[in-house]
Amino acid sequence: MNWQSDGNVIETNFAPTLERWYERHKRDLPWRHTRDPYSIWLSEIILQQTRVAQGKPYYERFLAAYPTITDMARADERELLRLWQGLGYYSRARNLHQTARYITDELVGKFPDTFQNLLKMKGIGVYTAAAIASFAFGERVPVVDGNVYRVLARVFGVSEDITTTAAKKTFSWLAMRLIQRADDPATYNQAIMEFGAIQCTPVAPDCLLCPLQQECVAFQTGRQHLLPVKAKKAPVRERYFHYLIFQHGSKLAMRERTDRDIWQNLHEFYLVETDEPKKQLRELPLPDSIQEFVQRHGQATPPTEAVQLLSHQRIRAVFFRIELPDDANGRLPMGLAWYTMAEVEQLPKPLLVTNYLEKTFG
DNA sequence: AATGCGGGGAC
DNA sequence: GTCCCAGCATT
């Protein structure tokens, strides 16, 4: 954490610099002309995971429809949801209504006025509690939102993965230190978010005209496009499994998975995996031994399909049941072995296989 | 610690 | 198509 040892200058200048920048560059937004906690609360809920441009008209309409928290508390839930229509994350609207009623009825209309008490309200988390506490009541508590992660990661060169809990602690700690130097907590909080929104943008930040250019670790090391570090959600891999279930009398052919892959040491049927979905048995690339085995004995029943979701994979499975006549030679291809139903039951198996067995043999 | 929850805009 | 946006609740 090199900003602790040699970052004292920037740590001291950071907040005042942003506050000065803000006074010159701030946009004129409706919720910046009020200290009414209800209005500020409304704006913050609307702006959760929502761009200013998208939320602004909703803010105007909500305030026109419900000028006070009492009006909102008395509102019809369906009407409120209809006003919310198109904004997404509809639980925000339900929590808004619920909290309006709670404050009006249980708190006798007295809006919670500290960070800690705001946090107790439904729909108000750490960010929103800090925003209302500082904007409406002047409390010296830092907002930490997506903008703040980005600005701090770049200016102070923090390369922790912002999706982790450890990183959130680091950023909150740093933000708490920085706001101590702010002239006005409300202005500072507005400033850092506005700065992230229009100067220190995710793509193509305007570093050439940046007031923090000299001190910014990211700019000085040419890493502004690499920060903040955010782990990509692993894409869900699509896989196509085709199971051949050989049935001889009341026995099933199964084998153990040994590859370094999912379901290691679990038991399954004969598996053919392909890169593309195949619905027909004859489309499958089968080794000669299996091909011969199927043709010699095979009596295929209509295939059934199933989908199994794993954390990072989606398995689309097709099951082909192949019944062998009683007098068939039961010698199996390598790796497979016959198991009675009772034995099959005892084997450790993937859920995909268990579900199939349940559905097919009940 | 992961996941679900929306819709829109920028690229 | 991907990424991200003034996040929160639930498990």
Asks: If you look at every strand shown and take non-hydrogen atoms under 4.0 Å, does A:Arg150 touch a base, only sugar-phosphate, or nothing?
Replies: sugar-phosphate
Asks: Taking any heavy-atom pair under 4.0 Å as a contact, classify A:Trp31: base, sugar-phosphate, or nothing.
Replies: base
Asks: Taking the ring centre of each residue, are A:Trp84 and A:Phe62 less than 6.0 Å apart?
Replies: yes
Asks: Are the charged groups of A:Lys279 and A:Glu305 less than 4.0 angstrom apart, N to O?
Replies: yes
Asks: Given A:Glu44 and A:Tyr127, is the side-chain hydrogen bond (donor to acceptor under 3.5 Å, both in side chains) satisfied, shown in steps?
Replies: CA-CA 9 Å; A:Glu44 291 302 336; A:Tyr127 162 78; 2.8 Å; yes
Asks: May I have all residue pairs that pass ring-ring contact (aromatic ring centres under 6.0 Å, His included) and include part of residues 181-204 of chain A, sequence neighbours excluded?
Replies: A:Trp21-A:Phe195
Asks: Restricting to side-chain hydrogen bond (donor to acceptor under 3.5 Å, both in side chains), what partner residues turn up for A:Ser39, sequence neighbours left out?
Replies: A:Asp36
Asks: So, using ring pair (Phe, Tyr, Trp, His ring centres under 6.0 Å) as the criterion, who are the partners of A:His225 when residues are at least two apart?
Replies: none
Asks: How long is the line joining NE2 of A:His225 and P of C:dT2, in whole Å?
Replies: 21 Å
Asks: Given atom CG of A:Leu118 and atom P of C:dG7, what is their separation to the nearest angstrom?
Replies: 17 Å
Asks: Can you name the residues that form a ring pair (Phe, Tyr, Trp, His ring centres under 6.0 Å) with A:Tyr339, not counting sequence neighbours?
Replies: none
Asks: Expressed in whole Å, how much space separates the C1' atoms belonging to B:dG6 and C:dC5?
Replies: 12 Å
Asks: Please give me every residue in residues 187-200 of chain A whose heavy atoms get under 4.0 Å of an atom in DNA chain C, ordered by residue number.
Replies: A:Gln190, A:Met193
Asks: Listed in order of residue number, which residues of residues 34-44 of chain A have a non-hydrogen atom at under 4.0 Å from DNA chain C?
Replies: none
Asks: Can you name the atoms? Protein N/O to nucleotides 7-11 of chain B N/O, anything below 3.5 Å, with the distance.
Replies:
residue : atom : partner : partner atom : Å
B:dG8   : N2   : A:Arg51 : NE           : 3.4

Asks: Name the pairs: protein N/O against N/O of nucleotides 8-11 of chain C, kept only if under 3.5 Å.
Replies:
residue : atom : partner  : partner atom : Å
C:dC8   : OP1  : A:Gly125 : N            : 2.7
C:dC8   : OP1  : A:Gly125 : O            : 3.4
C:dC8   : OP1  : A:Thr128 : N            : 3.0
C:dC8   : OP1  : A:Thr128 : OG1          : 2.7
C:dC8   : OP2  : A:Val126 : N            : 3.4
C:dC8   : OP2  : A:Tyr127 : N            : 3.3
C:dA9   : OP1  : A:Gly123 : N            : 2.4

Asks: Checking side chain to side chain contact (heavy atoms under 4.5 Å, CB included) between A:Leu63 and each of A:Leu42, A:Thr34, A:Thr68, which is the one that passes?
Replies: A:Leu42
Asks: Can you classify the ring geometry of A:Phe320 versus A:His242 as parallel (below 30°), tilted (30 to 60°) or perpendicular (above 60°)?
Replies: parallel
Asks: In whole Å, measure the gap between the P atoms of C:dA6 and B:dC11 for me.
Replies: 14 Å
Asks: Tell me which pairs pass salt bridge (Lys or Arg N to Asp or Glu O under 4.0 Å) where either residue lies in residues 181-194 of chain A, with sequence neighbours left out.
Replies: A:Arg27-A:Glu194, A:Arg32-A:Glu194
Asks: Measure the distance from CD1 on A:Ile46 to P on B:dC5 and round it to the nearest whole Å.
Replies: 22 Å
Asks: Looking at DNA chain C, which of residues 135-149 of chain A put a heavy atom within less than 4.0 Å of it?
Replies: A:Asp145, A:Gly146, A:Asn147
Asks: Can you pull the salt bridge (Lys or Arg N to Asp or Glu O under 4.0 Å) pairs that have at least one residue in residues 211-223 of chain A, sequence neighbours excluded?
Replies: none
Asks: Answer yes if the ring centres of A:Phe269 and A:Tyr356 are under 6.0 angstrom apart, and no otherwise.
Replies: yes
Asks: Round to the nearest Å and state the distance from A:Tyr58 atom OH to B:dG6 atom C1'.
Replies: 11 Å
Asks: So, are A:Arg74 and A:Asp105 salt-bridged, with charged N and O less than 4.0 Å apart?
Replies: yes
Asks: Test of understanding: with side-chain hydrogen bond (donor to acceptor under 3.5 Å, both in side chains), list the residues that count as partners of A:Arg92, not counting sequence neighbours.
Replies: A:Thr50
Asks: Using the side chain to side chain donor-acceptor pair (under 3.5 Å) rule, pick out the option among A:Arg94, A:Arg82, A:His97 that qualifies with A:Glu77.
Replies: A:His97
Asks: Measure from the side-chain N and O atoms of A:Asn189 to the backbone N and O of A:Val143, and report whether any donor-acceptor pair falls under 3.5 Å.
Replies: yes
